[in-house]
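Each remark here refers to the structure printed beneath this line.
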Amino acid sequence: MSSLSWHECSSKDELDQQLADFIAEQLSTAIATRGQAGIAVSGGRTPAGMFKALRVKELDWSKVIVTLADERWVAPDHADSNERLTRENLLQDKAAKATFISQVSNASSAHEGQPSIEARLAALPSPLDVLILGMGDDGHTASLFPNATELESACVSSALCAAVTPPAAPHQRITLTLPTLAKARSVIVHITGESKKALLKAALLEQKPLSEQYPIRRVLDKAESAKHVFWAA
Ligand SMILES: O=C(O)[C@H](O)[C@@H](O)[C@H](O)[C@H](O)COP(=O)(O)O
C-alpha cells in the first residue's frame, strides 16, 4: 500500500494556495509527460477557495480534462449541482480552456442515466492524473456513502461510475467507482476542521471488517499511487 503524506496548513487561505500550487504542478507534469491531464474534483463547501486559486495558474488548460468525483442528479443550474459549483468557481479565467465532462443528463434518475455517463467518461485519461476527494462527517467520500444499498457494488465495480441513492443525503448521485478512484496517479484528500482530521485519523487506524470501514479508508487503502491529505483547521 502506498504511503500517505499529510500537508497541514496554518489557515484555509494558505491551504487553498498550497493545494492549488500542488495540483497545478501535477497537471503540468502530466501534460509534459503524456500530452494531457485528467482530473476529478469533488463538490461540497470545501473546494471553492482552492478552485479560485487553481483557475489562474499558468498551465496549458486546453490539455486538461475535468470531471467530478461525484455528482448530484440535479439540473446543472441547480444550487446543489457540483457541475455548477465547478463551472462557477474553477472553469473560469485561464481554466476556462479546460474540457469538462458532465455527469448529469435528462434521464429521470441517476440509475437510468448511468450508461450514458459511463460512455462520456470513457474520454477521460485512464488512470486519472489527479483526484481531489472531500470527506463527509460520516466518512463518506465522493458518493460512496456508508450503508448505501449500492455501496458494495460501487466498491468493486469494473465500471467507471455508478448510480447511488444515499441513505441520508439529498439527491440521487453518480459517483466514480472505488476502483476508478483508487487508480488515480495522485489521490488528494482535501478537508478542513479538527473533527474531520480526527475522523480521518481514526478511520485510518480502525481494525474492522472491510464492509464496516469508512469509505474514505477503503479508497485510501486501495489507492495504488501517491496519497496526500491537505488540511487546515
Ligand atoms: O457531492 C458532494 O457532496 C461531494 O463530492 C462530497 O463527497 C463532499 O466532498 C463531502 O460531502 C464533503 O463536503 P463538504 O466539503 O461540504 O464538507
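First listed ligand is number 1; within each ligand, the first listed atom is number 1. In what follows, every heavy atom counts, from backbone to side chain, and hydrogens, waters and symmetry copies are set aside. By convention here, the first residue in the shown sequence is residue 1.
Between the side chains of Thr67 and Gln103, at least one donor N or O lies within less than 3.5 Å of an accepting N or O. Side-chain atoms of Glu150 and His111 include a donor-acceptor pair closer than 3.5 Å. There is no side-chain donor-acceptor pair under 3.5 Å between Gln92 and Glu88.
With respect to Ser143, the side-chain hydrogen bond (donor to acceptor under 3.5 Å, both in side chains) criterion is satisfied by exactly one of Asn82, Asp70, Thr175: Asp70.
Considering only non-hydrogen protein atoms, atom 13 (O) of ligand 1 sits nearest to Gly44 CA, 4.0 Å. Among all non-hydrogen protein atoms, the one lying nearest atom 14 (P) of ligand 1 is Arg45 N, 3.5 Å. Protein heavy atom at the shortest distance from atom 17 (O) of ligand 1 is Lys196 NZ, 2.6 Å. Of all protein heavy atoms, the one lying nearest to atom 12 (C) of ligand 1 is Met135 O, 3.5 Å. Nearest protein heavy-atom contact of atom 5 (O) of ligand 1 is Asp70 OD1, 2.5 Å. Nearest non-hydrogen protein atom to atom 10 (C) of ligand 1 is His140 NE2, 3.5 Å. Ranking the protein heavy atoms by distance from atom 7 (O) of ligand 1 puts Ala142 O, 2.8 Å first. Scanning the protein heavy atoms around atom 15 (O) of ligand 1, the nearest turns out to be Thr46 OG1, 2.6 Å.
Residue Gly134 has at least one heavy-atom neighbour below 4.0 Å for each of these atoms of ligand 1: 9 (O). The atoms of ligand 1 that sit less than 4.0 Å from any heavy atom of Arg72 are 1 (O), 2 (C), 3 (O). Proximity to Asn82 (heavy-atom distance under 4.0 Å) selects the following atoms of ligand 1: 1 (O), 2 (C).
Between the side chain of Thr141 and the main chain of Ile216, no donor-acceptor pair closer than 3.5 Å is present.
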Full working for salt bridge (charged side-chain N to carboxylate O under 4.0 Å, His left out) between Asp77 and Arg84: CA-CA 6 Å; Asp77 60 355; Arg84 176 175 171 177; over 6 Å; no
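Side chains of Trp73 and Val104 form a contact here, defined as non-hydrogen atoms less than 4.5 Å apart.
Note on ligand 1: Arg173 sits in its first shell, one or more heavy atoms being nearer than 4.0 Å.
Residue-to-ligand polar distances keep Thr141 apart from ligand 1: every N/O pair is separated by 3.5 Å or more.
The aromatic rings of His228 and His7 sit tilted, their planes meeting at an angle between 30° and 60°.
Between His140 and Tyr214, the distance separating the two ring centers is not shorter than 6.0 angstrom.
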